[in-house]
Q: 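Before anything else, here's the structure in question.
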Amino acid sequence: MHRFARPTVCLCYPPKNSNGNLNFVSRKEQFLSLLKDCSSIKVLNQIHAQIQTYGLGRDGYVMSHVLRFCALSSPSGDLEYARSVLYHALDRITSSWNIVIRGYALNDLPREAIAVFLEMRSRGVKPNKLTFPFLLKACAHLSALQEGRQIQADAVKHGVDSDIYVQNTLIHLYGSCGEISDARRVFDTMFFRTLVSWNAIITAYVGKSLLDDSVRLFTEMIFCGYEPDEASMVVLISACSELGNLSLGRWAHCQVIEKGLVINCRLGTALVDMYAKCGAVGCARMIFDRMRERNVWTWSAMILGLAQHGLAREALDLFLEMKNCSVQPNHVTFLGVLCACSHAGLVDEGYQFFHDMTHVHGIKPRMTHYGAMVDILSRAGRLKEAYKFIFDMPTEPDPVVWRTLLSACSIHDADGNSGIREKVRNKLLHLEPTRSGNLVMVANMYAEVGLWEEAANMRRVMREEGQKKMAGESCIEIGGHSHRFFSGDDSLVDCEIIYNFLDGLNLNMMAINHE
DNA sequence: GTAGGGTTAG
């Protein structure tokens, strides 16, 4: 109540100058200080009404403070209110438009940010160098390449394209859209660069999976005398996790400690993800447990890491713990949860989680979630159910979903499922008639049941299409050295021992299966 | 004339 009372008192008894009139400047200052102390939209409404009464509703400076509160203070801000104030009260003050664009961009409403910019342009308000960074960020968020290019042209038109902030966000935009050559062009033409420029271009390379290049750029950055910060390390570490390069990842972790960088939420999450992806799930857990602040991404990375290592029980326990900590799961969390169900053969639980994801948490399933459900059903050998599940999907299934089921068809006994196998095979070949991986899988399936002519036919299609299946490739790190090897590779040292060991493993698994 | 910006997570 106290907060509500104070502005009213001030407004009723405004200071007066020697003539007994309200001093205009001091009234303005008074409103500014009220706005500074403003605590809620309700109070703001009162102040705003008073501002209008005193004829200051079109004062750019005062109104920019009103808008600042509406658009940028969370969680009590109100962007729609800000937009209506902007559209009705002000028309030509660039900074006010910038604030609202910024508010939308920061609150994950990129479409609205772009809409406000278009409105601004249609009213003939000139943008300045501060208009573009958040606007371009909004485009990056949407991967809106065309709009981004047009906005870049607008920045050029207004002579602000050489601004460092604009250029850095342009790199970010092109990186987010996967346009690495455009990102690089901006980076190369920069007269002056900052650490952020380097971070942005390296991120662009990592996003495009050009991992060796990204590590090279990182080295170049250090060579140029830049001190990597938290953001640089996050990018490098995520490159390591995609490369599966544990020793480089460890080196990066050491650098973080040596440089005394703060392991914030993002950096911690990157480390958890890297250790998990590089097979050191124990290290991932250690980092996770030591983190003081965790968000949904941190929990998700850990849950997915555990699930992918077959530690299904631990993954699901962690999911419960996360909910107990009142952290709202997102689509990645559920991917981890479904992955855990798939590894542990928990079909009913999988269904339940899928249901909860949609109906309790309001998360719209993505193709990867459908894929995970099909994987759960397929691994459990419930092929008919998997087929029905795909059939009932509201969107057109992608080839990955069909491939999951088709490979399950070849693993599980075909009894009673041959009809499904035919259908799935036809669907997949219809969607991707020339993909070598599909043709090989189908050819092998024919061969297994002795349909040699059909198998040969598939191989012929492959030849005619000029396709050669890329050999499966992987790498393993032993004693700090990375060893790359291929499927069926017989050039390895001790290759005979390795293959004998693998055969032994297969026999053991078959024996367990028949117990 | 006043105020205001960028990069980082499966």
Side-chain angles (χ1 to χ4, degrees), chain A residues 25 28-29 32 35-36 59-69 71-72 93-103 105-106 127-137 140 160 163-173 175-176 183 186-187 190 193-204 206-207 214 221 226 228-239 241-242 256 261-274 276-277 291 294-305 307-308 329-339 366 368-369 372:
Chain A
V25 175
K28 240 168 116 165
E29 279 167 2
L32 292 181
L35 287 166
K36 221 178 262 171
D59 183 293
Y61 189 41
V62 174
M63 289 314 288
S64 73
H65 277 81
V66 172
L67 288 168
R68 174 169 311 286
F69 184 86
L72 300 178
I93 295 153
T94 304
S95 63
S96 301
W97 292 87
N98 291 350
I99 288 169
V100 180
I101 291 172
R102 193 171 146 218
L106 284 174
N128 62 17
K129 62 177 183 178
L130 296 139
T131 312
F132 293 100
F134 276 106
L135 189 62
L136 290 168
K137 194 184 163 123
V160 295
D163 180 76
I164 182 85
Y165 287 78
V166 174
Q167 289 181 319
N168 286 345
T169 350
L170 276 170
I171 298 173
H172 171 56
L173 165 78
S176 302
V186 177
F187 182 79
M190 285 172 90
R193 293 181 190 128
T194 62
L195 182 60
V196 175
S197 324
W198 285 92
N199 289 349
I201 191 71
I202 297 171
T203 308
V206 174
S214 70
M221 176 183 90
Y226 290 89
D229 65 355
E230 281 88 356
S232 325
M233 297 315 287
V234 169
V235 185
L236 179 68
I237 290 165
S238 55
S241 95
E242 215 179 307
V256 168
L261 295 173
V262 180
I263 300 196
N264 59 21
C265 218
R266 284 189 176 227
L267 190 46
T269 305
L271 284 168
V272 168
D273 178 57
M274 182 274 292
K277 290 270 162 61
M291 280 172 72
R294 305 169 189 145
N295 63 12
V296 60
W297 295 100
T298 325
W299 288 92
S300 305
M302 193 67 248
I303 291 170
L304 195 61
Q308 284 171 335
N330 67 9
H331 63 280
V332 185
T333 325
F334 277 103
L335 201 62
V337 168
L338 293 175
C339 178
R366 302 183 179 199
T368 45
H369 298 112

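Quick note on labels: first sequence line is chain A, next is B, and so on, each numbered from 1.
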Q: B/dA3 P sits how many Å from A/M63 CE, rounded?
A: 18 Å

Q: Minimum heavy-atom separation for A/S238 and A/V206, please, with both atom names.
A: OG-CG1, 4.1 Å

Q: Measure CG/A/L195 against P/B/dT8 and give the value in whole Å, please.
A: 13 Å

Q: Of the nucleotides B/dA3, B/dA9, B/dT7, which has the atom closest to the A/V234 side chain?
A: B/dA9

Q: Just to be sure I understand the rule, does A/S232 reach a base, reach only the sugar-phosphate, or reach nothing, if contact means heavy atoms closer than 4.0 Å?
A: nothing

Q: Tell me the interatomic distance from A/I202, atom CD1, to B/dT7, atom P, rounded to whole angstroms.
A: 15 Å

Q: Please tell me which of the listed nucleotides, B/dG5, B/dA9, B/dT7, lies nearest to the side chain of A/N295?
A: B/dA9

Q: Round to the nearest Å and state the distance from A/N168 atom CG to B/dG5 atom C1'.
A: 11 Å

Q: Side chain of A/K28 only, heavy atoms from C-beta on: which candidate in B/dG1, B/dT8, B/dG4 is closest?
A: B/dG1

Q: Between A/W97 (CH2) and B/dG5 (P), how many Å, whole number?
A: 20 Å

Q: Between B/dA3, B/dG5, B/dT7, spot the one nearest the side chain of A/S95, thanks.
A: B/dA3

Q: On a plain distance test, is the side chain of A/S238 in donor-acceptor contact with the base of B/dA9 below 3.5 Å?
A: no

Q: With a 3.5 Å cut-off and no angle check, do the side chains of A/S64 and A/S96 form a donor-acceptor pair?
A: no

Q: In whole Å, I'd like the distance from the CD1 atom of A/I164 to the C1' atom of B/dT7.
A: 11 Å

Q: Could you work out which one of B/dG1, B/dG5, B/dA3 sits closest to the side chain of A/V166?
A: B/dG5

Q: The side chain of A/V235 lies closest to which of these nucleotides: B/dT8, B/dG5, B/dT7?
A: B/dT8

Q: Does a donor on one side chain and an acceptor on the other come within less than 3.5 Å for A/N98 and A/T131?
A: yes

Q: Can you find an N or O donor on one side and an acceptor on the other, under 3.5 Å apart, linking the side chain of A/N98 with the base of B/dA3?
A: no

Q: Please pick, from B/dG1, B/dT8, B/dG5, the nucleotide with the shortest atom-to-atom distance to any side-chain atom of A/L130.
A: B/dG5

Q: Ignoring backbone atoms, establish whether A/R102 has a side-chain N or O less than 4.0 Å from OP1 or OP2 of B/dG5.
A: yes

Q: Identify whether any heavy atom of A/K129 sits under 4.0 Å from a base atom; if not, whether one sits that close to sugar-phosphate; answer base, sugar-phosphate or nothing.
A: base

Q: Nearest to the side chain of A/T269, which nucleotide is it out of B/dT7, B/dA9, B/dG5?
A: B/dA9

Q: How are the rings of A/H331 and A/H369 set relative to one another: parallel (under 30°), tilted (30 to 60°) or perpendicular (over 60°)?
A: perpendicular

Q: What residues form a ring pair (Phe, Tyr, Trp, His ring centres under 6.0 Å) with A/W299, not counting sequence neighbours?
A: A/F288

Q: Please state how far atom OH in A/Y165 lies from atom P in B/dG4, giving the value in whole angstrom units.
A: 12 Å

Q: Just how far, in rounded Å, is P of B/dA9 from CE of A/M302?
A: 19 Å

Q: Less than 4.5 Å apart, side chain to side chain, heavy atoms only: is that true for A/N199 and A/D229?
A: yes

Q: Would you say B/dT8 has OP1 or OP2 under 4.0 Å from some side-chain N or O of A/H172?
A: yes

